[in-house]
Amino acid sequence: MPRRFSIPAPGDFVLRRDYCSYGYFLLWPNHWSVADEVVTRALALPGGPAVVRIAQPTEGRREKAGRPLAIEASRTLDRRDAAEVRARLTRMLRLDEPAERIGEFHGVDPRHQRSGRGRLMRSPTLFEDLIKTVTSCNVQWPSTVVMNRRLCEVAGDRAADEGPVTHTFPSAERLARTRPGTLRARCRVGYRDARIVDLSRRFAGEEGARLAGWMEDPATPDDALWEALLELPGIGPYAAANVMQLLGRYHRLPLDTESLRHGRAVLGMKGTDRALMKRLHAHYAPFGPHAFRSYWFELWDFYESKHGPSWTWHRDTTGTQFTASKLSV
DNA sequence: GGTAGACCTGGACGC
DNA sequence: GCGTCCAGGTCTACC
């Protein structure tokens, strides 16, 4: 199998817009090159770790939408490795979400029809999404950035000696056997240490794979999934709602203090935090199964009004600025 | 069922 | 340079 190959993209897909659509694109082991619009990402593959670069060349055409993705790996990939790369990137970029579903969202919320926004970037695995969500709770964004970088450097597998990404994201198995004290001291995760280890134990091995498969299955009932997520250590109502949207279920809203800021500053809402939460839920309820996308892209538009298009944000500068206090109007 | 306080880190601020 | 305060969501004990 060559080190270079391509992956077809849905007709509406634009790499820079759809990859730079959720904050996790700024977290290790992800890297977006603003200058050449290339994603660099380390992946754990059956044959060992590798770094992959993802671009969407236009081959002279002006229009990027729907052009295939060009993949370049740091080493030769065998058939199993290449299949795994396709599967992980399909999840991360939501390449299997039909363009019709994005059109459905634009029908419900036409504000985003012109930009074409609708796809939301996520992690290559549910486990990474869970840990990233836990590291984003009760902490300001710069600390989330630090935690994810150190988790990769301390517990990830080395995939390259240099470049913007050197390590994979740690596996559930690896974190399950890491001492909480190590995570606290070396990864700066604080009191999340034991919760991360406990969470990792649930997603390690074959049993963990079965649990992840059940959670990823679109046939799993929403309420059962919600209850199962709340059972996980470190996952409360906010985190569970966030993981629900990461699983493609957009009707629940992960509202936090950033949502309150948005409600007051952008939507002109007034009242106590509790009252505002109710108003925010009511505000987005008309968007039904697309409520989160309406909320999120409204928020994203605000961020872009402050910092320019998201594909011009640098991971290590602009990408550390996203906290409610720094975004206050 | 609702609420208060602890948990931990890093940044801001005052001295 | 040091100490204090604060932001942030989850968890537990208590009413």
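Letters A, B, ... mirror the listed sequences (proteins, then strands); counts begin at 1.
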A:Asn138 side chain: which of C:dG9, C:dT10, B:dC8 is closest? C:dG9

Under 4.0 Å, heavy atoms only, any strand: does A:Leu230 hit a base, just the sugar-phosphate, or nothing? nothing

For A:Met277 and C:dG9, give me the distance from atom CE to atom P, rounded to whole Å. 7 Å

Euclidean distance, atom CG of residue A:Leu183 to atom P of B:dT9 [Å, nearest integer]: 12 Å

Side chain to side chain, A:Pro46 and A:Arg80, heavy atoms closer than 4.5 Å: yes

Whole-Å distance between B:dC8 P and A:Met147 CE? 13 Å

Using a heavy-atom cut-off of under 4.0 Å over every strand shown, decide if A:Asp256 touches base, sugar-phosphate, or nothing. sugar-phosphate

Can you give me the N/O atom pairs linking the protein to nucleotides 3-5 of chain B at distances under 3.5 Å, or say none if there are none?
{"residue": "B:dT3", "atom": "OP2", "partner": "A:Arg274", "partner atom": "NH2", "Å": "2.4"}

What integer distance in Å separates A:Arg192:CZ from C:dG9:C1'? 9 Å

Parallel, tilted or perpendicular: which fits the ring planes of A:Tyr22 and A:Phe292, with parallel below 30° and perpendicular above 60°? perpendicular

Return yes if a side-chain donor-acceptor contact under 3.5 Å exists between A:Tyr284 and A:Glu298, otherwise no. yes

Minimum side-chain heavy-atom gap A:Trp32-A:His314 below 4.5 Å: no

Rounded to the nearest angstrom, tell me the gap between atom CZ in A:Arg150 and atom C1' in B:dC8. 14 Å

Between B:dT9, C:dG8, C:dT10, which nucleotide gets closest to the side-chain atoms of A:Arg184? B:dT9

In terms of the nearest nucleotide of DNA chain B, which residue is placed more toward the 5' end: A:Arg195 or A:Ser143? A:Arg195

Between A:Glu84 and A:Arg88 (salt bridge meaning N to carboxylate O under 4.0 Å), is one present in this structure? yes

It should be established whether A:Thr257 places a side-chain nitrogen or oxygen under 4.0 Å from OP1 or OP2 of nucleotide C:dA7. no

Take the protein atom CD1 of A:Ile196 and the nucleotide atom P of C:dG9, then report the distance between them rounded to whole Å. 17 Å

Can you check whether A:His281 reaches A:Leu253 side chain to side chain, under 4.5 Å on heavy atoms? yes

Counting heavy atoms from C-beta on, name the nucleotide in B:dC8, C:dT10, B:dG10 closest to the side chain of A:Tyr191. B:dC8

How many whole angstroms separate atom CZ of A:Arg186 from atom P of B:dT9? 15 Å

Close side-chain approach of A:Trp313 and A:His307, heavy atoms under 4.5 Å: yes

Give the rounded distance in Å between these two atoms: CD of A:Gln140 and C1' of C:dG9. 13 Å

